[in-house]
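For reference, the structure is listed below as structure tokens.
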Amino acid sequence: MPFLNTNSLASLVESAVSTHSSHLGRAAHAQIIKTLDAPLPSFLSNHLVNMYSKLDLPNSALLVLSLTPTRSVVTWTSLIAGSVQNGHFAPALLHFANMLRECIQPNDFTFPCAFKASASLLFPVTGKQVHAIAVKAGQIRDVFVGCGCFDMYCKTGLWDDASQVFDEIPQRNIVMWNAYMSNAVLGGRPRHAIVKFMDFLGVGGKPDSITFCAFLNACSDMWVLELGRQLHGFVIRYGFGNDVSVMNGLIDFYGKCRDVASSAIVFDRISRRNDVSWCSMMAVYMQNDEEEKACEVFLQVRKVGLEPNDFMVSTVLSACAGLSGFELGRSVHALAVRICVEGNIFVGSALVDMYGKCGIINDAERIFEEMTNRNSVTWNAMISGYAHQGHADMALALFEDMRSDNGEITPNYVTLVCLLSACSRAGAVQKGIDIFESMRKRFGIEPGPEHYACVVDLLGRAGLVEHAYEFVKKMPFQPTISVWGALLGACRMYRKPELGKIAADNLFKLDPNDSGNHVVLSNMFAAAGRWEEATLVRKEMKEVGIKKGTGYSWITVKNAVHVFHAKDTSHERNSEIQGMLAKLRKEMEEAGYNPDTNFALFDLEEEEKISEVWYHSEKIALAFGLIAIPPGVPIRITKNLRICGDCHSAIKFISGIVGREIIVRDNNRFHRFKDGLCSCRDYW
DNA sequence: TTAGGGTTAG
């Protein structure tokens, strides 16, 4: 080793920080000890404290600090900044306190760290103390300190204090204005952000890309498509048409305002897309229920030879979960392992969710067990995986584990929804009611519309339909779509057209464009032999211009997706499919199966109705699956609408005849058929 | 010191 002077030793330490290599850092430290006698020059000690702290080796950092006889503001600030950077906010504040105890004055680098730590811990009281110290030290007028202070008040919800700080800062730079706008959006005051933007222009300010992004966020929160469009023009005029950040912001904005086409146009016109552009486009498709398109974007990423990142992987996994796209999901899992992102908490949670929704509960469990970091989303995903399978006992057991895990992660709003839906799917009525009634007291969670909807579903599914209606009437707020939807579902299941009409009428008011509700109601009347009323509902539907969407079912075989619509004969293996359908029909008839023709269009003759239900897309997909998928492998079908009642009972029956596991995911839930049974009890 | 994208329910 050549002789190293103190400057080159310092740069060795710096390179350990910049490459984030603790190995290099330790080696540099060893070299320093070898080369120099103690005590080290203070600037080198500072470098070491900074290095260990940034490398998230807090004990080593503290050790060096305690061995440094002359600790300066730089030494302490290095320690504090590293702690904050690595998310250790409470220790950062402790170090800050110790520094003051040593009578060392914090500087313009220290205060922002202390503010950030207070903000992250949501400690407004501590934040106020730091503020007082900064005022006393005469530092508050510094833009960095002032901005940190302002940000702290925003993040801890003290908006008035924040505004006061903003007004008192003498020289506001663009960062300060941007901070105001983005915090206003984050704090649910998008209108404030827009007003501030106007003020900013009024004082001759020149917006930058962050300003535009903040403005766009405000627009998407307020759903003001027109205002955002105007800003789009403004962006171009200001010469930001090639700024990838602003373009990404526009993709996101249009997507949130449900103008997917504009998002796609912006995306297509970006000459140099970055990771965020791709991710944003995927997210837009996801937010607008176009999972297939999201998958396509992901495949395009791979096609152009880009390495996907953790964001893309978690998004595409959730698309797979929505589509029950188990094959793609599995291959994305393999990819995640290869690019080393499977340890990421978002990716892990998305994997648990994907496997759970695809019904591969063992793999979901395995991923869950192997995850070293779990957050409430991870737990909820696993609980809902059990719920989807109808394993209320497992869901409840996991919930208990969650509560006793380490106290860090507590059940939240969604956890309770998952649990209640697990009870409802498993028919655990009393258990569900107990949980619902105790949620405020035991878990401190105020029951919301989703929880009420679960209880309605719970009661309704157990046949207590009138009870369910009484429960709805006693709700402390207006019942939502999901509440009436759950009641309508129960009425359909137990054939209660009168009550069903009440539920449906409410749904028509709240959700006039959903054709599904009309179809359910008319089928319900048809099932009760009340053809006139059934026809009337269909007529109304036509008059108002509501169309029943086309039903599609799809199935993946060897990475190719095969899509079928009703009466589809276009598949290249159509003759085999028809042969299989005929064979199934014969075997089922011999085994005594009666098709339920209430689900066919009711103005047909009985004979026609039978053939009508026989050629529903899910049955065709199933026939194809039986031909193309080797025995022993489960057949997975996805349908974009609700599975029809006859198909549900037919598939149940078929699963017994052919001795195969059949999994159908429709737009409502998940059905696993095996040995003539289905995981969801009494669906119709 | 400001910002752009992700995971859980129904």
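Labels below follow one simple rule: chain letters A, B, ... track the order of the sequence lines, proteins then strands, and each chain is numbered from 1.
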Which nucleotide wins on minimum distance to the side chain of A/F144, given the candidates B/dT1, B/dG4, B/dG6?
B/dT1
Kindly state which residues belonging to residues 172-180 of chain A come within less than 4.0 angstrom of DNA chain B, counting heavy atoms of the residue only, listed by number.
A/V175, A/N178, A/A179
Check whether any side-chain nitrogen or oxygen of A/R273 sits under 4.0 Å from OP1 or OP2 of B/dG4, and answer yes or no.
no
Should A/R330 and A/D363 count as an ion pair when the cut-off is N to O under 4.0 Å?
yes
Considering only heavy side-chain atoms of A/V276, the closest of B/dG10, B/dG4, B/dT7 is B/dG4
Sequence neighbours excluded, every pair satisfying ring pair (Phe, Tyr, Trp, His ring centres under 6.0 Å) that has a member inside residues 169-190 of chain A
A/F150-A/Y180, A/W159-A/Y180, A/F166-A/W177, A/F166-A/Y180, A/W177-A/F200
Strictly below 4.0 Å: does A/S421 bring a side-chain N or O up to OP1 or OP2 of B/dG10?
yes
B/dG5, OP1 or OP2 - any side-chain N/O from A/Q287 closer than 4.0 Å?
no
For A/Q478, I'd like to know if atom CD has over 12 heavy atoms of other residues, nucleotides or ligands within 6.0 Å.
no
Does A/D457 get its side chain close enough to the base of B/dG10, under 3.5 Å, for a donor-acceptor pair?
no
Could you check whether A/D208 gets within reach of a base, just the sugar-phosphate, or nothing at all, counting any heavy atom under 4.0 Å?
nothing
I'd like to know if A/S280 reaches the base of B/dG5 with its side chain, counting only an N/O donor and acceptor under 3.5 Å.
no
Could you tell me how far apart A/F212 (CZ) and B/dG4 (P) are, to the nearest whole angstrom?
15 Å
side-chain N/O A/S384 vs B/dA9 OP1/OP2, d < 4.0 Å
yes
Go through B/dA9, B/dG4, B/dT2 for me and flag the one nearest to the A/S182 side chain.
B/dT2
Restricting to side-chain contact (heavy atoms from CB on, under 4.5 Å), what partner residues turn up for A/V143, sequence neighbours left out?
A/N173
Let's test your reading of the model: under 3.5 Å, does the base of B/dT7 pair with the side chain of A/S314 as donor and acceptor?
no
Where the side chain of A/V417 is concerned, which of B/dT2, B/dT8, B/dG10 is the nearest nucleotide?
B/dG10
Ignoring the backbone of A/C213, work out which of B/dT1, B/dG4, B/dT7 is nearest its side chain.
B/dG4
Starting at CD1 of A/I251 and ending at P of B/dG4, how long is that distance when rounded to a whole Å?
14 Å
Write down the distance between CD (A/E168) and C1' (B/dT1), rounded to a whole number of angstrom.
17 Å
Donor-acceptor pairs are to be reported for all side-chain atoms of residues 338-346 of chain A against protein atoms at under 3.5 Å, with residues two or more places apart or in another chain.
unit_1 : atom_1 : unit_2 : atom_2 : d
A/N344 : OD1    : A/F346 : N      : 2.6
A/N344 : OD1    : A/V347 : N      : 3.1
A/N344 : ND2    : A/D310 : OD2    : 2.9

Tell me what A/A214 touches on the nucleic acid: a base, only sugar-phosphate, or nothing, going by heavy atoms under 4.0 Å.
nothing
If you check the A/L186 side chain, which of B/dG4, B/dA3, B/dT1 turns out closest?
B/dA3
To the nearest angstrom, the CE-C1' distance between A/M281 and B/dG5 comes to 13 Å
For A/Y153 and B/dT2, give me the distance from atom OH to atom C1', rounded to whole Å.
19 Å
Would you kindly give the OH-to-P distance between A/Y413 and B/dT8, to the nearest whole Å?
17 Å
What integer distance in Å separates A/I367:CD1 from B/dT7:C1'?
14 Å
Could you tell me whether A/N183 contacts a base, only the sugar-phosphate backbone, or nothing, with contacts defined as non-hydrogen atoms closer than 4.0 Å?
nothing
So, using side-chain hydrogen bond (donor to acceptor under 3.5 Å, both in side chains) as the criterion, who are the partners of A/D259 when residues are at least two apart?
A/R229, A/S262
Name all pairs fulfilling the side chain to side chain donor-acceptor pair (under 3.5 Å) condition that reach into residues 112-121 of chain A, sequence neighbours left out, sorted by first residue then second.
none
Touch check for A/D252, heavy atoms < 4.0 angstrom, all strands: base, sugar-phosphate only, or nothing?
sugar-phosphate
Whole-Å distance separating the CG atom of A/L459 from the P atom of B/dG10:
17 Å
Between A/F144 and A/P112, what is the shortest heavy-atom contact and its length?
O-CG, 4.0 Å
A/G255 to A/S263 - nearest heavy-atom pair and separation:
N-OG, 3.0 Å
With a cut-off of less than 4.0 Å, is there a side-chain N or O of A/N309 near OP1 or OP2 of B/dG5?
no
Across the strands shown, which category fits A/S245 at heavy-atom distances under 4.0 angstrom: base, sugar-phosphate, nothing?
base
